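One structure is given below, encoded as structure tokens.
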Amino acid sequence: MIDMLVGCGYVKGTTLFGYGYDFRQSNRMDKLMDGLKLKLETAYKASGGRKVNIISHSMGGVLILCFMSLYRDVFSKYVNKWIALACPFQGAPGCINDALLTGLEFVEGFESFFFVSRWTFHQLLVECPSIYEMLANPDYKWKKKPEIQVWRKHEKDGNVIVNLESYGPTQSISVFEEALRHNELKYNGKLMPVPFNLAILKWATGTRQVISNAKLPDGVSFYNIYGTSFDTPFDVCYGSEKSPIEDLSEVCQTLPQYSYVDGDGSVPVESATADGLEAVERVGVAAEHRGLLHDKTVFQLIQKWLGAEPVVSKQSKTSKVADTYAINPMVL
């Protein structure tokens with residue numbers, strides 16, 4: 001993505017800027033908001049007062065929504081266009097539900113030996129506000145509400161009963177609480193309790209309200225690119241009819257079974273398209289979540305929307321050399 005933009009005439013530090021942030025923290029944390037405000041102001045001034053174009057990816061779009069909601073006047077002053085890629089506007093139900101219960105693994109097979117383990121990631125994510133902020137929005141009108149399903153074993157009057165229990169976005173909180181009630185982390189030889197964090201959940205609920213209040217300012221153009229054609233986790237099921245779960249804490253040591261919907265492998269199309277904003281265009285591209293960042297079709301769309309073209313060598317008679325200061329600055 002960066003190489004493509006540089007190839008179109010953008011100059012790092014003059015018309016092209018990055019904004020990295022701690023993915024573990026809340027998307028409306030004051031430090032992140034202040035940092036983005038400063039970055040936009042810096043890009044604006046460095047380019048001689050030209051408004052900024054923003055490209056966000058995944059959770060970066062949630063951060064932009066929070067900023068737009070909390071600092072609408074600042075956003076209006078500095079931003080020209082916002083292009084969102086693969087944003088979980090209404091959450092990423094299957095992936096996030098399972099991440100809180102059993103963890104997350106970015107690589108599989110032999111490569112997994114050289115990366116953070118699934119369970120280590122799990123212990124980290126239980127304390128990450130950003131993860132709670134990407135739980136399925138319980139107030140959104142889903143075509144079918146995402147569920148956590150558990151095959152449970154109960155005994156009644158000496159009889160064993162096995163049934164499939166289903167929990168929607170609101171009811172799932174009780175599953176998280178019960179499954180993680182004994183969760184512990186060994187640190188410096190001591191065991192520390194790491195339960196489902198209700199204080200973080202309360203904060204994340206506030207973030208969801210901030211996001212729902214976000215409105216696109218007049219004069220700012222919004223574009224949405226979302227991934228399609230990949231099986232994307234939606235419902236997640238633990239246990240089976242033959243191997244049911246008796247105590248919900250067992251869920252954390254169980255490999256999940258997913259039901260899938262269309263999406264980019266992480267974010268369902270339904271969530272990625274439900275931005276609630278007046279978009280100039282929404283375009284689905286057959287690419288996976290991170291693959292969108294180096295997809296040729298995505299590059300073509302971005303170039304079209306920005307009015308940017310690859311810069312050809314100056315020696316060519318048909319070359320088109322971009323004027324560094326004639327393009328709007330970019331923040332990634």
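Small disclaimer: the values here were computed from a predicted structure and weren't measured.
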Between the side chain of Gln123 and the main-chain N/O of Glu184, is any donor-acceptor distance below 3.5 Å? yes
Check whether any side-chain heavy atom of Val331 lies under 4.5 Å from a side-chain heavy atom of Ile55, and answer yes or no. no
Return yes if a side-chain donor-acceptor contact under 3.5 Å exists between Asn328 and Asn53, otherwise no. no
So, for Ala286 and Asp295, which heavy atoms are closest and what is the spacing to 0.1 Å? O-OD1, 4.4 Å
Pair Lys304 + Glu281: basic N to acidic O under 4.0 Å: yes
Is the closest side-chain donor-acceptor distance between Tyr258 and Asp231 under 3.5 Å? no
With a 4.5 Å cut-off on side-chain heavy atoms, are Leu180 and Cys252 touching? yes
Does a donor on one side chain and an acceptor on the other come within less than 3.5 Å for Tyr226 and Asp275? no
At their closest point, which heavy atom of Thr232 faces which heavy atom of Pro268, and how far apart are they? CG2-N, 3.6 Å
With a 3.5 Å cut-off and no angle check, do the side chains of Glu155 and Asn159 form a donor-acceptor pair? no
Walk me through it: do Leu32 and Phe67 pass the test side chain to side chain contact (heavy atoms under 4.5 Å, CB included)? CA-CA 9 Å; Leu32 294 185; Phe67 187 87; over 6 Å; no
For the residue pair Pro93 and Pro169, establish whether any side-chain heavy-atom pair is separated by less than 4.5 Å. no
Does any part of the side chain of Ile327, heavy atoms only, come nearer than 4.5 Å to the side chain of Arg50, both counted from C-beta? no
Ser76 side chain to Arg72 backbone, donor-acceptor under 3.5 Å: no
N/O donor-acceptor pair under 3.5 Å between Tyr21 side chain and Gly60 backbone: yes
Here the gap from Ser69 atom OG to Gln209 atom CD, rounded to the nearest 0.5 Å, amounts to 8.5 Å
Considering only heavy atoms from C-beta outward, does the side chain of Asn224 approach that of Val283 to under 4.5 Å? no
Look at the rings of Trp82 and Phe222 and say which category their plane angle falls in: under 30° parallel, 30 to 60° tilted, over 60° perpendicular. tilted
Between the side chains of Asp139 and Arg208, is the shortest nitrogen-to-carboxylate-oxygen separation below 4.0 Å, so that they form an ion pair? no
Give me the atom names and distance for the closest heavy-atom approach of Ala43 to Pro329. O-CG, 3.6 Å
How many angstroms lie between atom CD of Glu127 and atom CG of Asn197, to the nearest 0.5 angstrom? 5.0 Å
Given the rule that I, L, V, M, F, W and Y join up when any side-chain heavy atoms are under 4.5 Å apart, are Ile161 and Leu164 in one cluster? no
Write out all pairs satisfying salt bridge (Lys or Arg N to Asp or Glu O under 4.0 Å) with one or both partners inside residues 242-251, taking only residues at least two apart or from two chains. Arg181-Asp247
Of all the heavy-atom pairs spanning Asp264 and Ala86, show the shortest one and how long it is. OD2-CB, 3.5 Å
Checking side chain to side chain contact (heavy atoms under 4.5 Å, CB included) for the pair His289/Ser58: CA distance, chi angles, key distance, verdict? CA-CA 8 Å; His289 192 67; Ser58 192; 2.8 Å; yes
Atom pair CD (Glu133) and OG1 (Thr205), whose distance is rounded to the nearest 0.5 Å: 9.5 Å
May I ask you to check whether His122 and Thr102 show a side-chain donor-acceptor distance below 3.5 Å? no
Passing option when Tyr132 is tested against Trp203, Phe196, Phe176 for ring pair (Phe, Tyr, Trp, His ring centres under 6.0 Å): Phe196
Do the side chains of Ser172 and Glu147 get nearer than 4.5 Å, heavy atoms only? no
Does Leu248 share a hydrophobic cluster with Tyr238, counting links as ILVMFWY side-chain heavy atoms below 4.5 Å and allowing steps through other members? yes
Could you tell me the separation between the NE2 atom of His182 and the OG atom of Ser249, rounded to the nearest 0.5 Å? 6.0 Å
Reference residue Met68; test side-chain contact (heavy atoms from CB on, under 4.5 Å); the match among Leu277, Val220, Val79, Ile211: Leu277
Work out which heavy atom in Tyr44 is nearest to a heavy atom in Lys77; give both atom names and the distance. CE1-O, 4.2 Å
Between Asp22 and Arg24 (side chain of the first, backbone of the second, donor and acceptor by atom type, cut-off under 3.5 Å), is there such a pair? yes
Under 3.5 Å, is there a donor-acceptor pair linking the side chains of Thr207 and Arg28? yes
Keeping Gln257 on the side-chain end and Val236 on the backbone end, is there a donor-acceptor pair under 3.5 Å? no
Using the rule that two of Ile, Leu, Val, Met, Phe, Trp, Tyr join whenever any of their side-chain heavy atoms come within less than 4.5 Å, decide whether Met330 and Val298 are in one cluster. yes
Quick check for you: to the nearest 0.5 Å, what is the distance between Lys215 atom NZ and Leu65 atom CG? 11.0 Å
Shared hydrophobic cluster for Leu124 and Val194 (ILVMFWY, side-chain gaps under 4.5 Å): yes
Could you tell me how the ring of Phe234 sits relative to the ring of Trp142: parallel (under 30°), tilted (30 to 60°) or perpendicular (over 60°)? perpendicular
Sole candidate of Gln149, Lys145, Lys144 that passes side chain to side chain donor-acceptor pair (under 3.5 Å) when paired with Asp235: Lys144
Looking only at the side chains, is there a donor atom on one of Ser174 and Glu177 sitting less than 3.5 Å from an acceptor on the other? no
Using 0.5 Å steps for rounding, measure from the CD1 atom of Ile54 to the CD1 atom of Ile64. 4.5 Å
Would a 4.5 Å heavy-atom cut-off, applied to side chains only, mark Met59 and Met134 as touching? yes
Any Lys/Arg nitrogen of Lys37 or Asp30 sitting under 4.0 Å from an Asp/Glu carboxylate oxygen of the other? no
Search all heavy atoms of Arg152 against all heavy atoms of Pro244 and return the closest pair with its distance. C-CB, 4.0 Å
Given side chains that start at C-beta, do those of Lys81 and Val280 come closer than 4.5 Å, heavy atoms only? no
Distance-only, no hydrogens or angles: does the Ser271 side chain make a donor-acceptor pair with backbone N or O of Gly91 under 3.5 Å? yes
In terms of hydrophobic clusters joined by side-chain contacts under 4.5 Å, are Ile83 and Met4 together? yes
Please step through ring pair (Phe, Tyr, Trp, His ring centres under 6.0 Å) for the pair Tyr71 and Phe75, ending with a clear verdict. CA-CA 6 Å; Tyr71 298 94; Phe75 196 85; over 10 Å; no
Out of the candidates Ile131, Val175, Ile148, only one should pair with Leu100 under the side-chain contact (heavy atoms from CB on, under 4.5 Å) rule; please name it. Ile131
